[in-house]
2 protein chains.
Amino acid sequence: MTAEAVFDQMLEVTLLLQTDMTRSLSALGLTGMKTHLLWEVHQNGPCPQQRLAQALGVSPRHVTGLVDALGCDGFARRLPHPHDRRAVLVELTDKGTATMTQMQEQRSRDAAALVADLDARRVEQLRQGLDAVLTRLRELVADADSGDAGGVR
Amino acid sequence: MTAEAVFDQMLEVTLLLQTDMTRSLSALGLTGMKTHLLWEVHQNGPCPQQRLAQALGVSPRHVTGLVDALGCDGFARRLPHPHDRRAVLVELTDKGTATMTQMQEQRSRDAAALVADLDARRVEQLRQGLDAVLTRLRELVADADSGDAGGVR
DNA sequence: TATTGTTATACTCTATAACTATA
DNA sequence: TATAGTTATAGAGTATAACAATA
């Protein structure tokens with residue numbers, strides 16, 4: 001059935017995208033989590049670790065380790081929080097900022113390369129198809145979520 | 001640009017599919033790797049660990065651990081190899097076979113649910129669009145591969 | 001001598017709990 | 001008393017290297 005073909009394709013996309021991302025990040029000495037953290041700080045500016053832990057959905061302890069490692073590799077550093085002496089702010093170094101900027105540019109190039117074989121009408125059809133699938137997929141995941149957490153409902 | 005919208009959608013598909021898969025597998029006491037191993041054996045029948053290591057792209061040592069864990073949880077077991085006393089064959093238990101069969105059925109249901117909002121023509125358009133994107137994506141990944149491994153060439 | 005699998009060891013990612021300093 | 005972050009500890013997942021049994 002065609003539905004299964006589409007599902008298989010999406011699984012392959014998932015596999016390839018993940019493989020490629022893991023590999024290109026590890027060439028920079030980064031992991032998905034470290035990159036996610038860097039991305040948050042790049043988007044929102046200097047940020048206390050507590051908030052990063054919530055944004056990334058990991059433990060505060062884990063953020064300590066992440067920031068330690070990113071500090072070691074020169075991507076980020078800790079600043080004293082101006083009003084709360086318990087907290088620290090994490091900010092990007094020049095290297096961290098440059099890395100995030102390059103990543104954005106690379107993403108644009110990859111996006112263009114991916115649909116290079118399709119004319120504009122086809123790309124738009126693809127976008128609409130993926131939109132419908134994503135709507136359903138979000139529902140499926142949310143259902144499983146509440147089923148896990150909420151029990152009977 | 002629309003190309004970037006499509007790219008973002010594919011990233012979201014990747015994220016959702018992976019989140020959902022990790023969660024539903026862990027409810028069964030499985031990981032992606034263990035499931036992949038089970039899948040190989042389910043498809044190809046009893047199999048020496050060496051071949052599994054190559055199929056999964058992991059170290060032989062890792063397969064030992066995987067098979068130990070799967071044996072512990074009753075999904076698979078080791079058999080003596082009939083012709084080579086160095087080797088063992090890994091085969092599925094009834095529980096392992098039943099689990100793989102259920103997974104296939106669930107996959108069919110999920111595939112149908114995902115495109116439920118689209119008529120057959122739209123699904124076919126989506127399939128063709130994804131096909132073009134996948135062709136490019138495979139190239140991108142393969143290029144990065146040879147760039148990593150093969151050097152200048 | 002080459003191959004299959006295992007024992008020994010280590011590194012990364014991630015979590016929980018106890019503790020310190022500050023609010 | 002509550003909050004931010006760190007120290008201590010632990011458990012997956014994965015790798016390499018050395019070793020045993022067999023080919």
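Bear in mind the structure is a predicted one, so any value in this text is a computation, not a measurement. Convention: sequence-line order gives letters A, B, ...; per-chain numbering from 1.
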Would you indicate whether the side-chain heavy atoms of B/Pro60 and B/Gln49 approach each other to under 4.5 Å? no
Decide yes or no for A/Leu79 and A/Val88: does some side-chain heavy atom of the first lie under 4.5 Å from some side-chain heavy atom of the second? no
Can you check the [X] [atom1] to [N] [atom2] distance for me, whole Å?
X	N	atom1	atom2	value
B/Leu30	D/dA12	CG	P	15 Å
B/His36	D/dT14	NE2	C1'	16 Å
B/Gln49	D/dA20	CD	P	19 Å
A/Leu56	C/dC13	CG	P	14 Å

B/Gln50 versus B/Gln54, side-chain donor and acceptor atoms under 3.5 Å: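 No.
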Taking atom types as modelled and ignoring hydrogens, do the side chains of A/Arg122 and A/Gln125 form a donor-acceptor contact shorter than 3.5 angstrom?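 The criterion, which ignores hydrogens and geometry beyond distance, is not satisfied for A/Gln125 and A/Arg122.
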End axis versus end axis in the helix from C/dG5-D/dC19 to C/dA23-D/dT1, the angle rounded to 10°, five pairs used at each terminus: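 Between the first-five-pair axis and the last-five-pair axis there is 10°.
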Would you mind telling me which residue lines up with the more 5' stretch of DNA chain C, A/Ser59 or B/Pro48, judged by nearest nucleotide? B/Pro48
Nearest of C/dT7, D/dG5, C/dT14 to any side-chain atom of B/Arg61?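 For the B/Arg61 side chain, the nearest candidate turns out to be C/dT7.
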Nearest-nucleotide pick for B/His62, side chain only, options being D/dA15, D/dG5, C/dG5: D/dA15
Taking all non-hydrogen atoms of both residues into account, name the closest pair between A/Leu118 and B/Gly129 and its distance.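 Residues A/Leu118 and B/Gly129, closest heavy atoms: CD1-O, 4.2 Å.
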Taking all heavy atoms of A/Glu91 and all of A/Pro46, pick out the closest pair and write down the distance.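 For A/Glu91 versus A/Pro46, the nearest heavy atoms are CB-CG, 3.9 Å.
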Using a heavy-atom cut-off of 4.0 Å across all strands, would you classify A/Val58 as base, sugar-phosphate, or nothing? sugar-phosphate
Got a sec? Which of residues 64-90 of chain B come in under 4.0 Å of DNA chain C, heavy atoms?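 When residues 64-90 of chain B is checked for heavy atoms under 4.0 Å from DNA chain C, the hits, listed by number, are B/Thr64, B/Arg78, B/Arg86, B/Ala87, B/Val88.
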Phosphate-side-chain proximity, B/Gln50 and C/dT3, N/O vs OP1/OP2 below 4.0 Å: no
Report yes or no: does B/Asp119 contribute a side-chain atom to a donor-acceptor pair with the main-chain N or O of B/Arg121 at less than 3.5 Å? yes
Under 3.5 Å donor-acceptor, B/Thr93 side chain and B/Gly74 backbone: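 Yes, the answer is positive, given that a donor and an acceptor are paired below the 3.5 Å cut-off.
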Between CG of B/Leu92 and CH2 of B/Trp39, what distance do you get to the nearest 0.5 Å?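 CH2 of B/Trp39 is found 10.5 Å from CG of B/Leu92.
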